[in-house]
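Just so you know, residue 1 is the first one in the sequence shown, and it goes up from there. All figures in this text were calculated on a predicted structure; none of them were measured in a lab.
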Amino acid sequence: CERCQCHSEDKRTAILYTLLSQNLNHSRGGRSPSHQRCLCHQRRTVCLRTPHITCQAASNVLVKTVSFMKNLPSFHLLPREDQLLLLDSCWVPLFLLGLVQEMVTFEVMETPAPSMLKKILLDGQSKQQEPERMQPTLAAVQRLQCCLNTFWSLDLSPKEYAYLKGAILFNPDVPGLRASLYIESLQREAQRALQEVLQPLHPEDQGRFARILLITSTLKSIPPTLITDLFFRPVIGNADIVELIAEMLYE
C-alpha cells in the first residue's frame with residue numbers, strides 16, 4: 001500500500017455522515033484525517049481469528065522459551081544485569097523460533113471498528129479511560145507470517161534449533177553488557193556447534209549455515225510491540241511482558 005487513498009474517496013455527501021463527522025471532529029478537538037481509521041487493505045488493523053486457541057499456544061511456546069534459558073548453566077553464570085539485557089533483546093526472536101519449532105499457525109481478521117455514532121455517544125466516557133491501544137496492521141502480520149514460512153522451509157532438526165537458539169541468546173552486540181567478551185565466546189561456541197551438526201545432516205548443502213543465519217536476522221526485525229499486541233495483550237492486558245518473562249525466569 002504505497003499511497004493511502006482512504007480519504008480521497010467522496011464519502012461525505014450523505015447528510016448523516018456529514019453531521020456525525022462534524023460532531024466527532026469537534027469532540028476530538030479537530031483531529032487530523034491522518035489519525036482516523038485507514039481503509040487501505042494493507043493498513044487495516046487486525047486481530048487473531050481464534051485468540052483463545054492461539055494465545056494459549058503462544059503462552060506454551062513462551063514457557064518453553066523461558067525453560068530453555070533456565071536450563072543453560074552458562075546463562076546463569078552471567079551477571080544478573082547482563083541476563084536481563086539479553087532477555088530484553090532476544091525474547092522475541094527466541095519466541096518466534098519456538099513458534100516455528102512447535103508449528104504454531106494462526107489466522108487474523110480485520111479488527112471490528114465501532115460505529116461513528118457509538119464513538120460520539122461514548123466520547124464523554126472515553127475521556128476518563130486509558131487511550132485506545134494500537135492494533136497490529138495486516139501488512140505487519142503478513143511480514144511476520146512470511147518470516148515464519150521461510151523458516152519452515154528450512155526444516156530444521158531439533159539439534160539445529162537448540163544451537164541456533166544459543167547463537168541468538170548470546171548476542172555480544174547488546175549495548176551495556178558487562179561480560180560481552182564471554183558472551184561473544186558463547187555465541188561462537190553455539191555457532192560452531194551448529195556448523196558441526198549441519199555437516200553430517202546436510203553434506204551436500206554447503207550454504208545452509210549462512211542461509212540459516214541470514215533468515216534468523218529477519219526474526220530480529222520483528223518489533224516486540226507487534227508480538228506483544230498480537231499474542232499476549234489479550235491475556236496480560238497492560239502488564240509489561242518483559243517483566244513477566246523475568247518473573248518466570250527467576251521464580
Check your understanding: Between Leu214 and Leu144, is there a shared hydrophobic cluster once you connect ILVMFWY residues whose side-chain heavy atoms come closer than 4.5 Å?
Key -> no
Study note, to complete from the structure: SG (Cys147) and CD1 (Ile215) are apart, to the nearest 0.5 Å, by 9.5 Å
**Study point:** Backbone of Leu177 reached by a side-chain donor or acceptor of Asp82 within 3.5 Å
**Key:** no
Exercise for review: May I ask you to test the Phe232-Ile245 pair for a side-chain heavy-atom distance under 4.5 Å?
Suggested key: no
**Study point:** Intermediate values then yes/no, ring pair (Phe, Tyr, Trp, His ring centres under 6.0 Å), Phe68 and Tyr161
**Key:** CA-CA 11 Å; Phe68 167 77; Tyr161 277 115; over 10 Å; no
Review point. How far apart are the closest heavy atoms of Leu48 and Cys55, and which atoms are they?
Key: CD1-SG, 3.8 Å
Point to revise | Arg208 (side chain) donor-acceptor with Leu154 (main chain) under 3.5 angstrom | key: yes
Exercise for review: Please check if Val141 and Met109 belong to a single hydrophobic cluster, counting links between Ile, Leu, Val, Met, Phe, Trp and Tyr side chain heavy atoms closer than 4.5 Å.
Suggested key: no
**Study point:** Distance, nearest 0.5 Å, that separates CG of Leu62 from CG of Leu99
**Key:** 9.5 Å
Practice item. Decide side-chain contact (heavy atoms from CB on, under 4.5 Å) for Phe151 and Thr216; before the verdict, give the C-alpha distance in whole Å, the side-chain angles of both, and the deciding distance to 0.1 Å. Key: CA-CA 8 Å; Phe151 248 106; Thr216 300; 3.4 Å; yes
Point to revise | Non-hydrogen side-chain atoms of Ile212 and Leu156 separated by less than 4.5 Å | key: yes
Review point. Do any N or O atoms from the side chain of Lys165 and from the backbone of Thr65 form a donor-acceptor pair under 3.5 angstrom?
Key: no
Practice item. Step through the shown structure and confirm whether more than 12 heavy atoms of other residues, nucleotides or ligands are within 6.0 Å of NZ on Lys159. Key: no
Point to revise | Between CZ on residue Arg143 and CG on residue Leu226, distance to nearest 0.5 Å | key: 8.0 Å
Point to revise | Intermediate values then yes/no, side-chain contact (heavy atoms from CB on, under 4.5 Å), Ile241 and Ile227 | key: CA-CA 10 Å; Ile241 184 65; Ile227 303 304; over 6 Å; no
Exercise for review: Verify the distance criterion only: is there a donor paired with an acceptor across the side chains of Asn60 and Gln56 at less than 3.5 Å?
Suggested key: yes
Point to revise | Trace of the side-chain contact (heavy atoms from CB on, under 4.5 Å) decision for Cys90 with Asn171 | key: CA-CA 8 Å; Cys90 76; Asn171 180 11; over 6 Å; no
Check your understanding: Are a donor atom and an acceptor atom from the side chains of Lys64 and Gln101 found within less than 3.5 Å of each other?
Key -> no
Practice item. Taking Arg188 for its side chain and Ile183 for its backbone only, find out whether a donor-acceptor pair lies under 3.5 Å. Key: no
Check your understanding: How close do Thr150 and Cys146 get, heavy atom to heavy atom, and via which atoms?
Key -> OG1-O, 2.8 Å
Revision key, fill the gap. One should read off an interatomic distance between Glu102 CD and Leu97 CG, to the nearest 0.5 angstrom, of 10.5 Å
Practice item. Keeping the roles fixed (side chain from Gln187, backbone from Ala167), state whether a donor-acceptor pair exists under 3.5 Å. Key: yes
Review point. Should Val63 and Leu94 be regarded as members of a common hydrophobic cluster, given that ILVMFWY residues are connected when their side-chain heavy atoms come within less than 4.5 Å of each other, either directly or indirectly?
Key: yes
Check your understanding: Is it true that atom CD of Glu107 has more than 12 heavy atoms of other residues, nucleotides or ligands lying nearer than 6.0 Å?
Key -> no
Check your understanding: Does a donor on one side chain and an acceptor on the other come within less than 3.5 Å for Tyr163 and Glu196?
Key -> no
Check your understanding: Is there a donor-acceptor pair under 3.5 Å between the side chain of Asn149 and the backbone N or O of Gln145?
Key -> yes
**Study point:** Spacing of Phe75 atom CZ and Leu77 atom CG [to the nearest 0.5 Å]
**Key:** 11.0 Å
Point to revise | Sidechain-backbone polar pair: Gln83 side chain, Leu78 backbone, donor-acceptor under 3.5 Å | key: yes
Check your understanding: Less than 4.5 Å apart, any side-chain heavy atom of Leu194 and any of Glu160?
Key -> yes
Exercise for review: Indicate if Leu164 and Met103 have the same hydrophobic cluster label, given that clusters are the connected sets of ILVMFWY residues with side-chain heavy-atom separations under 4.5 angstrom.
Suggested key: yes
Study note, to complete from the structure: NE2 (His202) and CZ (Arg211) are apart, to the nearest 0.5 Å, by 9.0 Å
Review point. Under a 4.5 Å side-chain heavy-atom rule over Ile, Leu, Val, Met, Phe, Trp and Tyr, are Phe95 and Ile53 clustered together?
Key: no
Practice item. Could you walk me through whether Thr105 and Trp152 pass side-chain contact (heavy atoms from CB on, under 4.5 Å), step by step? Key: CA-CA 11 Å; Thr105 60; Trp152 276 316; 3.9 Å; yes
Point to revise | Thr228 side chain vs Pro224 backbone, donor-acceptor pair below 3.5 Å | key: yes
